[in-house]
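Below is one structure, written out as structure tokens, with a few remarks after it.
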Amino acid sequence: MRTDKIDAINTQKDPNSCYRPDDEQLYMITEWDGTELSRQTKADVIGYVRDELTTVLFKINKAQMEDDDEEAFEVAKEYLGHFSALQEEE
């Protein structure tokens with residue numbers, strides 16, 4: 001294969017390339033602190049949610065181990081307040 005064809009293929013595979021075809025839907029995630037993570041793929045969204053759930057579950061379990069049900073409830077309430085944080089990008 002010619003080097004220019006190899007370069008074109010590598011450019012299309014590069015997630016930071018502006019020449020990559022946009023055949024995959026991208027998403028914007030708004031974090032709890034308002035930070036926006038743009039151009040997230042489905043895999044990125046899944047990884048982000050997995051990390052968030054792990055963190056929230058850890059905080060709830062820690063509060064309950066310390067017999068602080070009020071703190072556990074506050075963590076759960078804060079988490080539930082962020083369900084509208086995912087938007088499709090155009």
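As the structure is a computational prediction, the values presented were derived from the model and not from experiment.
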Please step through side chain to side chain contact (heavy atoms under 4.5 Å, CB included) for the pair Arg39 and Tyr27, ending with a clear verdict. CA-CA 6 Å; Arg39 303 195 53 78; Tyr27 299 89; over 6 Å; no

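When the side chain to side chain contact (heavy atoms under 4.5 Å, CB included) test is applied to Asp33, the partners found at least two apart in sequence or on another chain are Glu31, Thr35. Phe58 meets the side chain to side chain contact (heavy atoms under 4.5 Å, CB included) test with Lys62; sequence neighbours excluded. In this structure, the side chain to side chain contact (heavy atoms under 4.5 Å, CB included) partners of Gln64, at least two apart in sequence or on a different chain, are Ile60, Asn61, Asp69, Ala72. Applying the salt bridge (charged side-chain N to carboxylate O under 4.0 Å, His left out) rule to Glu52 yields no partners; only residues at least two apart in sequence or on another chain are considered. Partners of Ser38 according to the side chain to side chain contact (heavy atoms under 4.5 Å, CB included) rule, which considers only residues two or more places apart in sequence or in another chain, are Met28, Glu89.
Note: the hydrophobic cluster containing Leu80 does not contain Phe73 (ILVMFWY, side chain heavy atoms under 4.5 Å, direct or indirect links). No path of Ile, Leu, Val, Met, Phe, Trp and Tyr side chains, each step under 4.5 Å between heavy atoms, connects Leu57 with Leu53, placing them in separate hydrophobic clusters.
The stretch residues 70-79 participates, sequence neighbours left out, in these salt bridge (Lys or Arg N to Asp or Glu O under 4.0 Å) pairs: Glu74-Lys77.
For the atom pair CD (Glu36) and CD1 (Ile29), the distance works out to 11.0 Å, reported to the nearest 0.5 Å.
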What pairs of donor and acceptor atoms, side-chain ones from residues 43-51 against any protein atom, are under 3.5 angstrom apart with sequence neighbours left out?
residue, atom, partner, partner atom, Å
Asp44, OD2, Thr41, N, 3.0
Asp44, OD2, Thr41, OG1, 3.1

